[in-house]
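Nothing fancy with the numbering, it's 1 onward along the sequence. Values reported hereafter were calculated over all heavy atoms of this structure, with side chains retained and with hydrogens, waters and symmetry mates removed.
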Amino acid sequence: MNWTIIFNRLFELIDQDGTPNYFSGPQFMRKVREIDPYFPTYQQFIDQRRAELKSTTRRDYYYDILLAFDESHRITLINSILNDLDETAIEKAGELRAILGGAVAGPVAVVPNSRMSASW
């Protein structure tokens with residue numbers, strides 16, 4: 001999977017300041033800690049990045065965190081975030097799920113249960 005494209009699409013959704021889709025640093029870290037409960041808290045992580053002279057911009061450290069996980073955990077993290085966006089960004093969330101290999105939300109067909117009898 002192309003994780004750069006996936007991340008850019010995700011970040012486009014969660015970087016909408018002033019909307020329900022916006023994911024602050026602490027909110028993102030809570031999602032990360034659902035995957036890895038021993039991951040540093042937001043403040044611990046930011047302090048560590050500053051000490052290592054690494055960027056503390058959301059885009060940079062979100063990407064670094066995502067890439068630090070193995071692929072299955074990346075997918076789990078992104079799906080967890082997308083679950084929070086289902087009401088406000090259902091189409092874009094569905095498109096991203098499709099890229100990840102999941103189903104895109106859409107209409108459901110109901111097929112009536114009928115018994116066909118063969119009259120030979």
### Task
Mind running salt bridge (Lys or Arg N to Asp or Glu O under 4.0 Å) on K92 and D86 for me, showing each step along the way?
CA-CA 9 Å; K92 294 280 187 185; D86 275 340; over 6 Å; no

### Query
Do side-chain atoms of R74 reach the backbone of L67 as a donor and acceptor pair under 3.5 angstrom?
yes

### Query
Residues in side chain to side chain contact (heavy atoms under 4.5 Å, CB included) with Y61, at least two apart?
Y42, F45, I46, R49, R58, I65

### Task
Could you please spell out the steps behind the salt bridge (Lys or Arg N to Asp or Glu O under 4.0 Å) verdict for K54 and D64?
CA-CA 10 Å; K54 292 182 178 178; D64 290 347; 5.9 Å; no

## Note on the structure
Here the gap from R50 atom CZ to S55 atom OG, rounded to the nearest 0.5 Å, amounts to 10.5 Å

### Task
State plainly whether the residues E12 and R9 are in salt-bridge range, i.e. N to O under 4.0 Å.
no

### Task
Name all residues meeting the side chain to side chain donor-acceptor pair (under 3.5 Å) criterion together with N2; count only those two or more places apart in sequence or in a different chain, and write none if there are none.
none

### Query
Hey, are D84 and R30 close enough for a salt bridge, meaning a charged N less than 4.0 Å from a carboxylate O?
no

### Query
CD of E87: more than 12 outside heavy atoms within 6.0 angstrom?
no

#### Entry: Y22 reachable from I78 in the ILVMFWY side-chain graph, under 4.5 Å edges
no

### Message
How long is the straight-line distance from CG of L82 back to CG of L13, given to the nearest 0.5 Å?
### Response
7.0 Å

### Task
Please check if any side-chain donor atom of T76 sits under 3.5 Å from a side-chain acceptor atom of N79, or the reverse.
no

### Task
Decide yes or no on side-chain contact (heavy atoms from CB on, under 4.5 Å) for H73 and V32, but give the supporting numbers first.
CA-CA 9 Å; H73 286 104; V32 170; over 6 Å; no

### Task
Kindly compute the distance separating CG (L10) from OH (Y62), expressed to the nearest 0.5 Å.
9.5 Å

### Query
Say you draw a straight line from CG of D15 to OG1 of T19; how long is it, rounded to the nearest 0.5 Å?
9.0 Å

### Task
Please confirm whether Y63 and F7 have ring centers closer than 6.0 angstrom.
yes

### Query
With a 4.5 Å limit on heavy-atom distance, are the side chains of Q43 and D47 in contact?
yes

### Query
Between the side chain of N8 and the main-chain N/O of T4, is any donor-acceptor distance below 3.5 Å?
yes

### Message
Could you tell me if the side chain of F23 sits less than 4.5 Å from the side chain of K31, heavy atoms only?
### Response
yes

### Query
Quick one: do I5 and I14 end up in the same hydrophobic cluster if we chain Ile, Leu, Val, Met, Phe, Trp and Tyr together by side-chain heavy atoms under 4.5 Å apart?
no

### Query
Under 3.5 Å, is there a donor-acceptor pair linking the side chains of D70 and S72?
yes

### Message
Do I75 and M1 make a side-chain contact, defined as non-hydrogen atoms from C-beta onward lying under 4.5 Å apart?
### Response
yes

### Task
Hey, could you give me the CD/CE distance between Q44 and M29, rounded to the nearest 0.5 Å?
9.0 Å

#### Entry: Value rounded to 0.5 Å, distance of CG in L85 from CD in E91
13.5 Å

